[in-house]
Amino acid sequence: MTSAFVTGGSGFIGGALVGRLVGEGWAVRALSRSERSDERLRALGAEPVRGDLADPAAMAAGADGCDVAFHAAAHLGDWGSWADFERDNVEGTENALAACAKAGVRRFVHVGTEAALLAGEPLVAADERAPLRFDSAAPYAATKARAEAAVLAASRPGFQTVSIRPRFVWGAGDATLLPALAAMVRAGRFAWIGGGRQRTSHTHVDNAVEGLVLGATREGVAGRAFFVTDGAPTVFRELVSRLLATQGLAAPDRSIPLPLAKAAAAAGETAWRTLRLPGRPPLTRFAVWVAGLECTLDTTRARAELGYAPVRGVDEGMAGLAAPAGGGTVEGVATGA
């Protein structure tokens, strides 16, 4: 029986991953920070291991005897303290790498994101040669870039590492992206950026999980990053409108010009950081990048080297979202992973 240790197993992508692994007969242990997380993991069929990303000893104990580790835990969001993003995404990943190597794990699969390449310019038919943007002004983007660099640099014989990069992850079980979009529409705060006419790649959660499992099981892929998506890009406005329609909502026609959105986000972030204002600015750079710029990704490498192909079509995935979603917060709206 193949065994796995999972961080972030009670989250959206991590939970879907744990469910698939258990369903395929894997023995799964998963890092857990609370009793609530314990309960969710047990319901999925995993064994909870109490600890967090700041506790390498707990992670090493959880990974002991496991063949594969999946690192899905991350500090998500388009706004927040740089220190928090640094602690969880960079230091937490480094701790997970050290713990899993110490435990004898042979393959470490990282949940990466296209966000690690974002610094304010569109990504057009981008492949894995596009550079990681350590210089990004968005803390999520910059710290995920550093996290992935640490993961790929750690790959060596006996401890192989892989990074799987989904984009705009959606599907049943999402407690962040779609609920946040729906909440903005209901509150009258939703507006397209630049009309929402740009194209975007996107990844159903089941397709993200397919990429992760292939990253864990295919040979000859160590030290590599791979984009995984649903296939052909979609016009952003059409994708989001379809997602909202599954919740019985119609997106308004209101739109903000892209240059105005960029200026408002930059000014708001500067004011909030300089004056240490409470809460969050009305608009952030990262939210503008994700909702207003083209982001189309080339999955040729994943198809050729991993044997990747989507396992869930967009129409099928939308059908699985036909029940109303709960409330959410705007944090995480723009995250890929």
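None of the values given here were measured: they were computed from a predicted structure.
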Counting only pairs under 3.5 Å, give me each side-chain donor-acceptor contact of residues 4-12, with atom names and distances, residues two or more places apart or in other chains.
unit_1 : atom_1 : unit_2 : atom_2 : d
Thr7   : OG1    : His71  : ND1    : 2.7
Thr7   : OG1    : Ala72  : N      : 3.1
Thr7   : OG1    : Ala73  : N      : 3.2
Ser10  : OG     : Ser37  : OG     : 3.2

Is [Y] paired with [X] through a side-chain N to carboxylate O contact shorter than 4.0 Å?
| X | Y | value |
| --- | --- | --- |
| Asp78 | Arg280 | yes |
| Glu86 | Arg146 | yes |
| Arg301 | Asp127 | no |

query: Taking it one step at a time, do Leu117 and Leu132 satisfy side-chain contact (heavy atoms from CB on, under 4.5 Å)?
result: CA-CA 5 Å; Leu117 282 62; Leu132 294 168; 3.9 Å; yes
field: With sequence neighbours excluded, residues passing side chain to side chain contact (heavy atoms under 4.5 Å, CB included) with Glu316
entry: Arg312
Sequence neighbours excluded, which residues qualify as ring-ring contact (aromatic ring centres under 6.0 Å, His included) partners of [X]?
| X | result |
| --- | --- |
| Phe85 | His75 |
| Trp192 | Phe190 |
| Phe236 | Phe168 |

Under 3.5 Å: donor-acceptor pair, side chain of [X], backbone of [Y]:
| X | Y | result |
| --- | --- | --- |
| Asp298 | Ala126 | no |
| Glu238 | Arg199 | no |
| Glu210 | Ala309 | no |

- prompt: Would the number of heavy atoms belonging to other residues, nucleotides or ligands and lying under 6.0 Å from CZ of Arg254 be above 12?
  reply: yes
- prompt: What do you reckon, is CG of Asp253 surrounded by more than 12 foreign heavy atoms closer than 6.0 Å?
  reply: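 Not more than 12 within 6.0 Å, no.
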Could you check if a side-chain atom of [X] sits within less than 4.5 angstrom of a side-chain atom of [Y], using non-hydrogen atoms only?
| X | Y | answer |
| --- | --- | --- |
| Val314 | His202 | yes |
| Val290 | Cys295 | no |
| Met59 | Leu53 | yes |

task: Verify the distance criterion only: is there a donor paired with an acceptor across the side chains of Thr200 and Arg167 at less than 3.5 Å?
output: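 Yes, Arg167 and Thr200 have a side-chain donor paired with an acceptor closer than 3.5 Å.
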Partners meeting side-chain hydrogen bond (donor to acceptor under 3.5 Å, both in side chains) with [X] (sequence neighbours left out):
| X | value |
| --- | --- |
| Arg303 | Thr299 |
| Arg87 | Asp84 |
| Arg107 | Gln160 |

message: Apply salt bridge (Lys or Arg N to Asp or Glu O under 4.0 Å) to residues Glu35 and Arg50 and explain how you reach the verdict.
response: CA-CA 9 Å; Glu35 184 61 37; Arg50 188 58 68 88; 3.8 Å; yes
- prompt: Between Trp26 and Phe70, what is the ring plane arrangement, given parallel below 30°, perpendicular above 60°, and tilted in between?
  reply: tilted
Selection [range] - residue pairs positive for salt bridge (charged side-chain N to carboxylate O under 4.0 Å, His left out), sequence neighbours left out:
| range | answer |
| --- | --- |
| residues 223-235 | Arg224-Glu305 |
| residues 55-72 | none |
| residues 7-18 | none |

For residues 260-271, run the donor-acceptor check on the side chains, cut-off 3.5 Å, and write out each pair with its distance to 0.1 Å, sequence neighbours left out.
unit_1 : atom_1 : unit_2 : atom_2 : d
Glu269 : OE1    : Arg285 : NH1    : 2.6
Glu269 : OE2    : Arg285 : N      : 2.8
Thr270 : OG1    : Ala266 : O      : 2.9

- prompt: Is the distance between the ring centroids of Tyr140 and Phe286 under 6.0 Å?
  reply: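 When the ring centroids of Tyr140 and Phe286 are compared, they turn out to be within the sub-6.0 Å range.
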- request: Report the C-alpha distance between Leu321 and Leu178 in whole Å, list the side-chain angles of each, state the deciding distance to 0.1 Å, and finish with yes or no for side-chain contact (heavy atoms from CB on, under 4.5 Å).
  value: CA-CA 10 Å; Leu321 287 172; Leu178 181 53; 4.3 Å; yes
task: Might you work through the side-chain contact (heavy atoms from CB on, under 4.5 Å) test for Val162 and Phe226, ending with a clear yes or no?
output: CA-CA 8 Å; Val162 177; Phe226 299 90; 3.9 Å; yes
